[in-house]
Trainee: 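Please find one structure pasted underneath; my questions will follow.
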Amino acid sequence: MTTAVYPGSFDPVTLGHVDVIRRAAATFDELRVCILRNPKKHYWFSEDERLALIEESVAAIGAKNVTVDHYEGLLTDYAKSVDASVIIKGLRTFQDFEYESQMDYFNKRLAPDVETLYMMADKKYSVLSSSAIRELIAFGGELSGLVPEAVIKAVRAGKFTQP
Ligand code: PNS
């Protein structure tokens, strides 16, 4: 039984993230999507809001082997705490590759037994980012085809914590 962790900020979850969740859930016995803190970021959606939006989006794709958590601390400590042997990261661009190769170095030092595997983003999501979504939200741009229905509903209802 192989458990994988898909970590991220998910502020908010996009269809690119959901695509990685779907593919990882089909590849591993158990997938744990985990919201962690990236100290470089200031978040728009609270942890509870992000968690609820991911849970609703996972339910919508019918992935039964996925759980959603949040964790305050190191990704590798979370991975060890749930007996995960794999970390999944999505890669879109060369910038992602550079950033992830640094993260890989530190995560490997902290947990040599946990392997990080990379999934190339589907081409239609290769320039999609949560930061672009936040910009669209700020200026009232159209979100359909970019984020799950749960996010569209939350934004329409004003149901999220704004900065
Ligand atoms: O979606 P993001 O912001 O690119 O995700 C980055 C995240 C949250 C996965 C990363 O910042 C992270 O792992 N944070 C937890 C702290 C940690 O373990 N850092 C890695 C070792 S330096």
Side-chain angles (χ1 to χ4, degrees), residues 3-25 27-28 30-58 61 63 66-122 124-138 143 146-148 150-151 154-155 160-163:
T3 299
V5 178
Y6 178 40
S9 294
F10 306 108
D11 187 42
V13 64
T14 68
L15 286 182
H17 295 131
V18 174
D19 186 54
V20 172
I21 292 172
R22 183 187 58 74
R23 289 155 61 195
T27 308
F28 298 98
E30 188 190 8
L31 180 69
R32 285 176 169 264
V33 179
C34 187
I35 301 168
L36 287 135
R37 194 129 61 80
N38 180 341
K40 293 179 211 76
K41 290 188 177 169
H42 170 73
Y43 293 114
W44 270 37
F45 291 74
S46 73
E47 241 171 39
D48 287 345
E49 287 162 348
R50 284 179 274 153
L51 189 128
L53 291 173
I54 301 169
E55 276 181 341
E56 213 177 315
S57 310
V58 167
I61 59 168
V66 180
T67 48
V68 189
D69 275 341
H70 48 70
Y71 187 78
E72 194 58 44
L74 289 169
L75 165 59
T76 46
D77 287 341
Y78 172 79
K80 289 177 201 167
S81 76
V82 295
D83 265 336
S85 52
V86 173
I87 293 168
I88 292 290
K89 296 277 188 128
L91 284 183
R92 293 162 303 182
T93 57
F94 195 69
Q95 280 99 311
D96 279 353
F97 174 83
E98 266 199 295
Y99 173 74
E100 291 302 344
S101 63
Q102 271 183 33
M103 283 288 161
D104 193 90
Y105 171 80
F106 291 108
N107 288 332
K108 257 293 168 344
R109 276 180 73 103
L110 292 161
D113 295 337
V114 180
E115 193 57 67
T116 305
L117 300 177
Y118 299 87
M119 278 191 180
M120 287 306 295
D122 186 291
K124 62 180 178 289
Y125 303 127
S126 64
V127 296
L128 181 54
S129 65
S130 295
S131 59
I133 296 303
R134 293 194 299 275
E135 202 160 322
L136 287 175
I137 293 172
L143 296 176
L146 303 174
V147 292
V151 175
V155 170
F160 66 95
T161 316
Q162 260 179 308

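First listed ligand is number 1; within each ligand, the first listed atom is number 1. Count residues from 1 along the sequence.
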Trainee: Below 4.0 angstrom, counting only protein heavy atoms, does anything approach atom 7 (C) of ligand 1?
Mentor: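 Looking at atom 7 (C) of ligand 1, one finds that no protein heavy atom lies closer than 4.0 Å.
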Trainee: Please confirm whether S9 comes within less than 3.5 Å of ligand 1 when only nitrogen or oxygen atoms on both sides are compared.
Mentor: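 Right, the criterion is met.
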Trainee: Can you tell if the side chain of I21 reaches within under 4.5 Å of the side chain of I88, non-hydrogen atoms only?
Mentor: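 No, every pair of side-chain atoms sits at 4.5 Å or beyond.
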Trainee: What ring-ring contact (aromatic ring centres under 6.0 Å, His included) pairs are there with at least one residue in residues 86-113, not counting sequence neighbours?
Mentor: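 Listed once each, the pairs are F94-F97.
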Trainee: Write down the atom of S57, the atom of V18, and the distance for their closest heavy-atom approach.
Mentor: CB-CG2, 4.1 Å
Trainee: Backbone or side chain, does any N or O of T76 fall under 3.5 Å from an N or O of ligand 1?
Mentor: no
Trainee: How far is atom 22 (S) of ligand 1 from its nearest protein heavy atom, and which residue and atom is that?
Mentor: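 Of the protein heavy atoms, F106 CB, 4.0 Å lies nearest.
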Trainee: Quick check: R37 and ligand 1, any N/O pair under 3.5 Å apart?
Mentor: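 Yes, since at least one N or O of R37 sits under 3.5 Å from an N or O of ligand 1.
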Trainee: Which ligand 1 atoms are under 4.0 Å away from a heavy-atom of M103?
Mentor: 20 (C)
Trainee: Are the side chains of V147 and L53 in contact, using a 4.5 Å heavy-atom criterion?
Mentor: no
Trainee: Could you check whether atom CZ of R23 has more than 12 heavy atoms from other residues, nucleotides or ligands sitting under 6.0 Å from it?
Mentor: yes
Trainee: Would you check if the side chain of R92 reaches a backbone N or O of Y125 as a donor-acceptor pair within less than 3.5 Å?
Mentor: no
Trainee: Please determine whether side chain to side chain contact (heavy atoms under 4.5 Å, CB included) holds for the pair S131 and K41, giving the CA-CA distance in whole Å, both sets of side-chain angles, and the decisive distance to 0.1 Å.
Mentor: CA-CA 10 Å; S131 59; K41 290 188 177 169; over 6 Å; no
Trainee: To which protein heavy atom is atom 19 (N) of ligand 1 closest, and what is the distance rounded to 0.1 Å?
Mentor: L74 CD2, 4.2 Å
Trainee: Within the 4.0 Å heavy-atom shell around N107, which atoms of ligand 1 are there?
Mentor: 20 (C), 21 (C)
Trainee: R32 and side chain to side chain donor-acceptor pair (under 3.5 Å): which partner among D83, D69, T3?
Mentor: D69
Trainee: For atom 4 (O) of ligand 1, what is the closest protein heavy atom, and at what distance to 0.1 Å?
Mentor: K41 NZ, 3.8 Å
Trainee: Under 4.0 Å from any heavy atom of L75, which atoms of ligand 1 are there?
Mentor: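 It comes down to these atoms of ligand 1: 13 (O), 17 (C), 18 (O).
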Trainee: Could you check atom 16 (C) of ligand 1 against the protein and tell me its nearest heavy-atom contact, residue, atom and distance included?
Mentor: G73 O, 3.7 Å
